[in-house]
Asker: 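Here it is, the structure in full.
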Amino acid sequence: MPEKKVRVRFAPSPTGGLHLGGVRTVLYNYLFAKQHNGTFILRIEDTDQSRFVPGAEDYIFGCLQWAGLEPDESVVHGGDYGPYRQSERKTQYRQYAEKLVAGGYAYYAFDTPEELERMRNDHKTEQNPSPQYDRSTRNAMRNSLTLPPGEVQSLLDAGAPHVIRIRMPENEIISFTDMIRGEVSFDTALVDDKVLLKADGMPTYHLAVVVDDHLMQITHAFRGEEWLPSAPVHVLLWKYLFGTDAMPQWAHLPLILGPSGKLSKRDGAKYGFPVFAMNWTDPRTGELTEGFKEKGFLPEAFINLLAVLGWNDGTQQELFTKEELIEKFSIERVHSGGAKFDYEKAKWFNHEWIKKLPVTHYLPEVKPLFEQKGITVADEVMLEKVMNLVKDRCHLLPDFVQQGAFFFAAPASFDLDAIKPKWNSSKALFFSEVIRTFELAALWTAPELEHNFKEIAAVNQLKPGEVLLPLRIMLVGGKFGPHVFDIAELLGKEETIARIRHVLSLL
RNA sequence: GGCCCGUUGGUCAAGGGGUUAAGACGCAUCCCUUUCACGGAUGAAUCACGAGUUCGAUUCUCGUACGGGCUACCA
């Protein structure tokens, strides 16, 4: 049997921000597709009109673009299997649902929401807090299984609101092989009669995912573990509609957990770290949720840290480029257990990528950060040098501003308390001598400056350590930053001397 | 409640009958550096529990506990 061309899909519903778990699902889809020379499809699952959120769809594409995980086929990328928005495929689903009814695998149900609620209330007990519409209750409801055929037909003819539900078999064991978990099985007697086609004519996820995966020739279906309980419904639908031989191979990905259980979309801020890929503003409440991008993560790091959250290649390697991931990723090596997200480690990944990548690669992102703080960066070459000097101490992009601001603007305040207690006239004398020597310096390089500085110190019978910290405070404002003579070199003669003079006047 | 999935240091995890049970993050100490980092070294810390199978279980089986997910005309 010839191998079918690999086709995978990510199918988000455009209802809000794209969180960590979603991006990881995208990533695994993307890596799998690229590794197999396959096709990565993005399908918008917008069958719930009541949950439509303006802007959410564009936002998802924005996130994928930032992360460098562009689909091959989608509403914006085109393709031969469109439309890629389920709302635009609406008319296609009904025929499949009808076919199931005709085959006895599904039935019409006319129950109103109130009737459903009453049924749930009537059957609700402490032992059974969530009664289902299933073999135990469907015979007491208003559906084509209980109503006389004539009445069903006249209801249908009269356009009475109705849904189509799957009729779960009484006693069947449905099992399939999950690429991550191995064989998984379910007793159909314990699964409810899920709605397949809603009263508004839209399919539910259950019908849509099977029909579209078939129509779009999907070969491998990756999704979150939360879908596992409804997998038997999907398997059954495949069996009834297209045959299980045509069914994609399933892989249910482990969940990404927050500090206290499930990582919730809602309270990202509560954790003290982002949960969304990019900033998301809820159009209804105006509430902004910060994203990894705006927090200062590099896409390379973001992808890397997500990839290894639940997967590893069996070696000790932790840092992977996208190309390496494409080469090495394997779905079978994905962990089956959920993983708690560790923000500290996420920052470590970003730090590693900041050090690893040439600073010019992310300089365009860093420059505006300075400007946001009111610091003008006129010279990009200077910024590049500064970034190279301080990148070892930056975990997030905004750290560059904190670490590098004093190169572009004289410090607004100085940690004089670090100097004053040990300040004396001989040190003052020393620094004025330093100024004189620096003024005459023909060669303005760090080694040269250091040599001169230490020589003067020796002549004045001062230990370098006694005057190094004061010099640092004068140039930087505080006790931080790279080697002080590297700073002086970059600052230039004029600025260095000016800063020494200024602080001298404060002492 | 029912069903499903899971469980190796605080976190991510390798390993899958016999190992000193890797590595990374974080933490601590030390070295380097007369700042802060980087880097280097060292250290504390783990197989949820109980049965079984076996000469031998962290590894296999079964229970229990715990964690998570699902239980909508949401995805």
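So you know, we letter chains A, B, ... as the sequences are listed, proteins then strands, and number each from 1. Remember, it's a predicted structure, so these values are computed and weren't measured experimentally.
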Asker: Look at all strands and tell whether A/K463 reaches a base, only sugar-phosphate, or nothing, counting heavy atoms closer than 4.0 Å.
Answerer: base

Asker: Classify A/F349 by what it touches in the nucleic acid, base, sugar-phosphate, or nothing, heavy-atom distance under 4.0 Å.
Answerer: nothing

Asker: Just checking A/D111: base, sugar-phosphate only, or nothing, at a heavy-atom cut-off of under 4.0 Å?
Answerer: base

Asker: Considering every strand and a 4.0 Å limit on heavy-atom distances, what is the contact class for A/V163: base, sugar-phosphate, or nothing?
Answerer: base

Asker: Does a salt bridge link A/R142 with A/D111, judged by any charged N lying under 4.0 Å from a carboxylate O?
Answerer: no

Asker: Where each residue is assigned the nucleotide of RNA chain B containing its nearest heavy atom, which of A/V184 and A/W311 is assigned the position nearer the 5′ end?
Answerer: A/V184

Asker: Mind checking if A/G310 touches a base, just sugar-phosphate, or nothing, with heavy atoms under 4.0 Å?
Answerer: sugar-phosphate

Asker: Whole angstroms only, please: what is the CD-P distance between A/E226 and B/U71?
Answerer: 10 Å

Asker: Mind checking A/Q132 for me? I need base, sugar-phosphate or nothing, with any heavy atom below 4.0 Å counting as a touch.
Answerer: sugar-phosphate

Asker: Less than 4.0 angstrom between a side-chain N/O of A/H162 and OP1 or OP2 of B/C73, yes or no?
Answerer: no

Asker: Give a yes/no answer on whether the side chain of A/T47 brings an N or O atom under 4.0 Å of OP1 or OP2 in B/A75.
Answerer: yes

Asker: Given B/G68, is OP1 or OP2 found less than 4.0 Å from the side-chain N or O atoms of A/K340?
Answerer: no

Asker: Start at the 5' end of RNA chain B and walk down; is the nucleotide closest to A/K454 or to A/E352 reached first?
Answerer: A/K454

Asker: When all nucleic acid strands are considered with a 4.0 Å heavy-atom cut-off, which category describes A/A199: base, sugar-phosphate, or nothing?
Answerer: base

Asker: What is the nucleic acid contact for A/V308, judged by heavy atoms within less than 4.0 Å: base, sugar-phosphate only, or nothing?
Answerer: sugar-phosphate

Asker: Base, sugar-phosphate or nothing for A/H252? Non-hydrogen atoms, less than 4.0 Å.
Answerer: nothing

Asker: Would you say a side-chain N or O of A/N128 is under 4.0 Å from OP1 or OP2 of B/G1?
Answerer: no

Asker: Distance check, C1' atoms only: B/G10 and B/A48, in whole angstrom units.
Answerer: 16 Å

Asker: Tell me what A/H206 touches on the nucleic acid: a base, only sugar-phosphate, or nothing, going by heavy atoms under 4.0 Å.
Answerer: nothing

Asker: Considering every strand and a 4.0 Å limit on heavy-atom distances, what is the contact class for A/G337: base, sugar-phosphate, or nothing?
Answerer: sugar-phosphate

Asker: May I ask you to say what A/S230 touches in the nucleic acid, namely base, sugar-phosphate or nothing, with a heavy-atom cut-off under 4.0 Å?
Answerer: nothing

Asker: Report yes if at least one side-chain N or O of A/R333 is closer than 4.0 Å to OP1 or OP2 of B/G15; otherwise report no.
Answerer: yes

Asker: Should the pair A/W250 and A/H252 be assigned to parallel (<30°), tilted (30 to 60°) or perpendicular (>60°) ring geometry?
Answerer: parallel

Asker: Heavy atoms only, 4.0 Å cut-off, all strands: where does A/L116 land among base, sugar-phosphate and nothing?
Answerer: base

Asker: Over all strands shown, is A/P482 touching base, sugar-phosphate only, or nothing at heavy-atom distances under 4.0 angstrom?
Answerer: base

Asker: Do the side-chain N or O atoms of A/R51 get closer than 4.0 angstrom to the phosphate oxygens (OP1, OP2) of B/A75?
Answerer: no

Asker: Any side-chain N or O of A/K194 less than 4.0 Å from the OP1 or OP2 oxygen of B/C74?
Answerer: no

Asker: OP1 or OP2 of B/C73 sitting under 4.0 Å from any side-chain N/O of A/R120?
Answerer: yes

